[in-house]
Each structure stands twice: as C-alpha cells, then as structure tokens.
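Working notes for the structure below.
We use all heavy atoms of the structure for the numbers below, so side chains are in, but hydrogens, waters and symmetry mates are not.
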Amino acid sequence: AVDPLINKGRTGAASTISDSTVRALPTLSRNFTDFVVASPQVIAAPGGSPSIAGSNNRFNNIQIDGAVNNDLFGLGSSGVPGGQNENARPIPLDAVKQFQVLVSPFDVRQGGFTGGLINAVTKSGTNEWHADAWVQAQNQGLVGKDSAGNALSSFNTTRFGGSLGGPIVKDKAQFFVSADIQHSLTPFSGQLLAGANGTLAQQFADTLQTLYGIGAGTAGTFNANNPATNLFAKVNAQVSQNSQLELSENYGKTTADNIYAGRSTNGNFALTSNMYQITNKTNSLRLKLTSVLGQRYNNELIAGYQSVSDNRPPNSPYATIQLTGTGGVFLLAGAERFSQANTLDQKIFELTDNLSFDLNDKNRLTVGTHNEFFGFTNVFFPQSIGQWNFGTLDSLALGLPNSYTRALTGAQAGIPGGRTDGPVADFNVHQFGLYVQDQFTPSPKMTIQVGLRADDPTFPTKPAFNQQLSDSM
C-alpha cells in the first residue's frame, strides 16, 4: 500500500479530509469550514473563515474540482462567493467526496495563493443507483443555557436535502445531483426602546403613516428571515475510449435580513423599514475533459464560467427619515442610507490546460496554462434617494425638516461631462499563467521536481483621467 505521508506523489504539506471523515464529524452549519479545520495547518473561529498556515483567509485559493471558486471582490469574510451572508455555503455537503488542503505544494499547476489551497472533490454517479435524504432541525429547545443561566432566545432553523446518482447509459454516462435547502426564522433579540423614546417611536410611525402614507414598520421585535438554497448537478461521460468528460453546475442563493444602523438605546435606533436584505446568487458551470492522446500524452482541460450577483435592496422606497429623540437617540425609518443603490455583479471565465508526457523513462514533462478573465460592475451610491432630518415630532407633522441631504450624480450636480449613472465601477481584469515542470526520477527511491511558473495580471480597462483633479494639484 502507498504510504499517505511519504510517497513520490506527495509534494509539500497537505491533508485530505475523506468522505468517511465528513460523514463522521458533527456539523451544524453544513459548511466546508467545519471540516477543513481537521487539517493541522488550518484554524477557524466558530462560524469564521479558515486561516491556513497563519495567513489571512483572503490569501487562500478555494476550488471545486480544480476550478476556481473565490470571492474575488472581497466583500465577504469567508473567501467564497456569497460570503456577506453567514448562512452561505459554496456547495451542498452531500456533493463532496473529499476536501484537499494544500499548504505548500511544489507543483507548478497549483498557484494563485500564499495562504493555502482548498479543493472540494465532488461525487460522481456510478452504474448503480444511490439515493439519500435527510432533515435537520434546530431551535432554542435543543440549546442549553449560557454560563449565566440564561436561555437562548427563540429561533427556528430547518434544513433538508439529499442526493441521487445513477447511470444514464451503463458504462457510458452517469449523473449525480444534490440539494441542500435551509429555512431560518430568528426573532430579534436585541435592545428595545422604553419610556419616552418607546412612546415617541410609535408616534413617529403613526405620523408617517397617517400624514404621508409611509409605512415605517415597527420599533418592536421582528423575525429575520435567512433562507438558503444550494443545488449541484454533475454528468460524467466516456466520450471515447481515451477521453472522459465531466460537466457540472453549482447553484447557490442566500438571503439575509439585516439592520445596519442597529438598535441602540443611546444612539441610532432603526425601525423595520430601515432594514435591508443581502441577496446573493451564484451560478458556476464547469467542464473538464481528460484525454490520453497517442498513448503518450495526457491532457486535462478545464473550462469554467461563474456569475455572482450581490444585491442589497432597502426595505422601503422612501428616503431615510431621521427623528431626534431624547438621551441621544435618533429614530430611523425609510430606506437604509447605504442600501439605496448597492449592487455587485461579477463574471469569471476560466481556461486551464495541462499536458503531461514522458520524455524518456526518467523525465516526465508537464506544460500548461491557467487563465482567468474577470468582469466587475459595482454600484455603491449611498443616499441616492436622500435623507430627511427632523428635530421634533411637531416639525415632522408640519413638514419642517432641519435638513435634507442627497448624493447627486455628476450630471445632476451640473458638472460638465458628469456621469448620469453615479459612482459605478465597471472594469475587467485578465490574468494569464504559463508554466513548465520536469519530474525527474533518477532512481525508484528518488524523485526531483523542477518547475517554473509565471502569472501576469493585467487591467485592460483604463480608468478615466480626471483633468480637473490634476489641475487642482
């Protein structure tokens, strides 16, 4: 048997978390971070992102079946698309056969990280039918009291899913599908207003509804809805005697209710109309073709396309409305100021090809290329609807604000040549990689691996030159 720790196929520090380990370890979130911490080089706080070899998680490279699956824009903390939502998972856990954690692989085909590489190897269908289903439920009744003897606030989270795999054409093509669906409802358990400010909050909501027809929501408790859906499908086909094709689709959607301004009894206190949602949709299509050419050449081609959409719509179509309370409290209703125009769309194309062949009985050569093409469109326009500020309830009733502030586009502000769409970042990034490697085996007990790799990121979209700023400097 091959020694898993000492063998010529192992290059650098690495760990493999097998499917049997995944099945045996307990998990509440059904997220990959619960399992990669089984590697001794990985640490992660509960619910946090993995740090590998002491590096920040943003320096990791996360892959699914060898294809990239990273949070390139970096808004989230998990390192995967949808990381702004705590309940986001990159792939259904039932679809994973094993996790590979590479810390310092001496293989030129592995790059794009200074922390570590996490690769999720997915399951495939076989000539036999396999199916499973499961349900997981959590609520406050299943959680004990804290160290102070306090019971947890009520919540309800239900997850269900399963997988199905089998033959399409026996010995020719197989399929595998998996689903992981979550319904989560959590009542608000933070601070609530009392006394004069509690009364003022109700009068604030009543005045907005009665005089202006604006639904301000409530200053009381509410239910935060955080659903999540993950779907995975994969087809394997023997397209010829020497060629194997894999085609997979990975879909994820998460939604989370949030209050950015928070609820403080001596600061900003948001009514539920001042909430917002973060909705993430991720679609990943991957193709992998493995071929043996001329009985000598082994070629692996990976092509991928991923679209990631993050949308942060406010709960209200109206401008933010702020009312000064007592004791430093400011009541907020209407659209949350940072969510009035806040979206991010990413499109990622990947093309990788690795060709390996024997030069002689001692030298095996690998030449390859890894290329990624990114497109980003980011809209971040705080207060594009505006914000009204009122000092008293009477001034609100009379329509006499202390101030009204609104962010304007360059065209709205009358700037010559100013943009009509506001602060929109729309740009592309290209990254090209070339590498070559020689695996030299002078004896059955010794293997020497020598390689060279070059990666070149480029920005084809040049930012517009600001002549007015240049002249002022």
Indicate, with yes or no, if the rings of [X] and [Y] have centres closer together than 6.0 Å.
X	Y	answer
Phe204	Phe269	no
Trp129	Phe175	yes
Phe376	Phe73	yes

Any donor-acceptor N/O pair, [X] side chain to [Y] backbone, under 3.5 Å:
X	Y	value
Asn226	Asp257	yes
Asp310	Thr343	no
Gln136	Leu28	yes
Asp345	Asn378	no
Asn127	Asp171	yes
Asn119	Asp65	yes
Ser55	Phe59	no
Gln110	Asp107	no
Gln340	Gly386	yes
Asn258	Ala256	yes

Going by heavy atoms in the side chains, are [X] and [Y] under 4.5 Å from each other?
X	Y	value
Ile17	Val101	yes
Arg419	Val424	yes
Val143	Gln140	no
Ser384	Arg406	no
Ile168	Lys172	no
Lys347	Gln306	no
Ser291	Leu289	yes
Thr279	Lys253	yes

Please indicate whether [X] has more than 12 foreign heavy atoms, meaning atoms of other residues, nucleotides or ligands, lying under 6.0 Å from its [atom1].
X	atom1	result
Tyr404	OH	yes
Lys234	NZ	yes
Lys123	NZ	yes

Note to self: Could you walk me through whether Asn60 and Leu117 satisfy the side chain to side chain contact (heavy atoms under 4.5 Å, CB included) test, starting with their C-alpha distance in whole Å, then the side-chain angles of each, then the deciding distance to 0.1 Å, before giving a yes or no?
What the structure shows: CA-CA 6 Å; Asn60 297 335; Leu117 186 149; over 6 Å; no
Is there a donor-acceptor contact under 3.5 Å linking the side chains of [X] and [Y]?
X	Y	answer
Glu350	Thr352	yes
Arg286	Asn69	yes
Glu128	Thr126	no
Thr326	Asn197	yes
Thr369	Asn371	yes
Asp94	Trp134	yes
His183	Thr158	no
Asn250	Ser284	no
Ser163	Ser178	no

Within this structure, what is the [atom1]-[atom2] distance for the pair [X] and [Y], rounded to the nearest 0.5 Å?
X	Y	atom1	atom2	value
Leu344	Thr377	CG	OG1	8.0 Å
Leu245	Ser243	CG	OG	9.0 Å
Gln202	Thr207	CD	OG1	9.5 Å
Ser339	Gln383	OG	CD	12.0 Å
Leu287	Tyr305	CG	OH	15.5 Å
Leu393	Thr199	CG	OG1	11.0 Å

Margin query: What I want to find out is whether Asp180 reaches Arg30 closely enough, with some N-O distance under 4.0 Å, to be called a salt bridge.
Written below: yes
Item checked: Note: Glu336-Arg312 ion pair, threshold 4.0 Å (strictly below) -> yes
Item checked: Matching residue for Phe32 among Ile64, Ile62, Val96, Leu93 - test: side chain to side chain contact (heavy atoms under 4.5 Å, CB included) -> Ile62
Heavy atoms only: give me the nearest [X]-[Y] pair and the separation to one decimal.
X	Y	result
Thr157	Ser184	OG1-OG, 3.3 Å
Ala88	Thr254	CA-CG2, 3.6 Å
Arg159	Ser29	NH2-CA, 3.9 Å
Arg263	Ala219	NH1-O, 3.3 Å
Ile385	Ala335	CD1-CB, 4.3 Å
Val36	Val42	O-CB, 3.4 Å

Next item on the list: Decide ring pair (Phe, Tyr, Trp, His ring centres under 6.0 Å) for Phe373 and Phe432; before the verdict, give the C-alpha distance in whole Å, the side-chain angles of both, and the deciding distance to 0.1 Å.
Entry: CA-CA 9 Å; Phe373 308 92; Phe432 303 96; 5.6 Å; yes
Check: Going through the distances and angles, do Val177 and Phe232 end up as a side chain to side chain contact (heavy atoms under 4.5 Å, CB included)?
Finding: CA-CA 6 Å; Val177 294; Phe232 178 81; over 6 Å; no
Next item on the list: With side chain to side chain contact (heavy atoms under 4.5 Å, CB included) as the test, would you mind laying out the steps for Phe381 and Thr409 before giving the verdict?
Entry: CA-CA 9 Å; Phe381 200 180; Thr409 66; 3.6 Å; yes
